[in-house]
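For reference, the structure discussed in these notes is given below.
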Amino acid sequence: METRRILMRSLAVAVVIASVIWTTTGEVVYSCCTKVSTAKVTDPIIKITMQNENYPCVKAVIFETKQVKFCSDPKQRWVREKVKQFFKKNNITPRPTSSISD
């Protein structure tokens with residue numbers, strides 16, 4: 001009877017340890033674009049951010065609307081045009097080091 005109690009306690013401790021290890025080594029959620037879309041953004045843009053490549057993050061232009069953020073491919077022509085339109089509309093001068101150019 002005592003052996004069974006020790007075994008159950010040991011099993012309980014092992015389960016607790018395993019669950020702690022499992023929850024700390026689970027999938028990591030990144031707050032960056034890990035892939036880009038080629039779909040055009042049609043919603044009004046309120047903010048644009050350029051993200052550099054730094055694994056697992058990919059190089060992307062992030063268009064922020066009231067509803068959602070879009071991770072877009074900076075190589076797409078429409079993305080470059082959208083950025084230029086946004087800068088012009090908001091009277092923003094892009095930095096010379098910007099990688100979004102013709």
Side-chain angles (χ1 to χ4, degrees):
M1 196 66 157
E2 186 63 32
T3 305
R4 180 179 269 176
R5 184 178 302 176
I6 292 171
L7 182 61
M8 292 303 284
R9 284 183 183 169
S10 298
L11 182 60
V13 169
V15 167
V16 168
I17 291 171
S19 65
V20 167
I21 291 171
W22 179 70
T23 56
T24 58
T25 60
E27 183 177 332
V28 177
V29 177
Y30 295 98
S31 61
C32 68
C33 300
T34 56
K35 59 183 177 179
V36 292
S37 171
T38 57
K40 291 187 178 183
V41 176
T42 57
D43 296 342
I45 298 166
I46 59 173
K47 184 178 177 183
I48 294 178
T49 308
M50 181 67 193
Q51 173 181 284
N52 292 318
E53 185 175 8
N54 186 12
Y55 186 80
C57 307
V58 296
K59 189 171 186 175
V61 174
I62 305 169
F63 293 111
E64 187 175 336
T65 67
K66 285 186 179 182
Q67 292 80 24
V68 71
K69 292 181 182 181
F70 295 90
C71 298
S72 301
D73 184 355
K75 295 177 184 174
Q76 297 287 309
R77 178 178 213 100
W78 74 264
V79 172
R80 294 191 306 264
E81 292 300 320
K82 195 68 102 166
V83 169
K84 286 179 187 177
Q85 289 171 3
F86 180 82
F87 285 157
K88 188 174 183 178
K89 178 182 174 187
N90 294 291
N91 201 19
I92 300 171
T93 304
R95 295 183 306 188
T97 57
S98 174
S99 60
I100 302 176
S101 61
D102 285 329

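Quick caveat: nothing in here was measured; it's all calculated off a predicted structure.
Here Asp73 contributes atom CG and Trp78 contributes atom CH2; the two are 9.0 Å apart, rounded to the nearest 0.5 Å. Taking NZ from Lys66 and NZ from Lys47, the interatomic distance works out to 16.0 Å, rounded to the nearest 0.5 Å. Rounding to the nearest 0.5 angstrom, the gap separating the OG atom in Ser31 from the NZ atom in Lys69 is 8.0 Å. Distance check: Lys35 NZ to Cys71 SG gives 9.5 Å after rounding to the nearest 0.5 Å. From Thr38, atom OG1 reaches atom CD of Gln76 across 5.5 Å, with rounding to the nearest 0.5 Å.
In terms of heavy atoms, Val79 sits closest to Ser72 at CG2-CB, 3.8 Å. Across Val41 and Phe63, no two heavy atoms sit closer than the pair CG2-CD1, 3.8 Å. Residues Gln51 and Cys57 approach most closely at NE2-CB, 3.7 Å, considering heavy atoms.
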Report task. Take Ile45 and Lys82 through the side chain to side chain contact (heavy atoms under 4.5 Å, CB included) test and state the conclusion after the steps. Result -> CA-CA 9 Å; Ile45 298 166; Lys82 195 68 102 166; 3.4 Å; yes
Requested in this report: Let me see the working for Lys59 and Met50 under side chain to side chain contact (heavy atoms under 4.5 Å, CB included), right down to the final yes or no.
Outcome: CA-CA 8 Å; Lys59 189 171 186 175; Met50 181 67 193; 3.4 Å; yes
Requested in this report: Any chance you could lay out the side chain to side chain contact (heavy atoms under 4.5 Å, CB included) test for Val83 and Val61, step after step, and finish with the verdict?
Outcome: CA-CA 9 Å; Val83 169; Val61 174; 4.0 Å; yes
Query raised in the report: Going through the distances and angles, do Ile62 and Cys33 end up as a side chain to side chain contact (heavy atoms under 4.5 Å, CB included)?
Result: CA-CA 8 Å; Ile62 305 169; Cys33 300; 3.6 Å; yes
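Val58 places a side-chain heavy atom less than 4.5 Å from the side chain of Val36.
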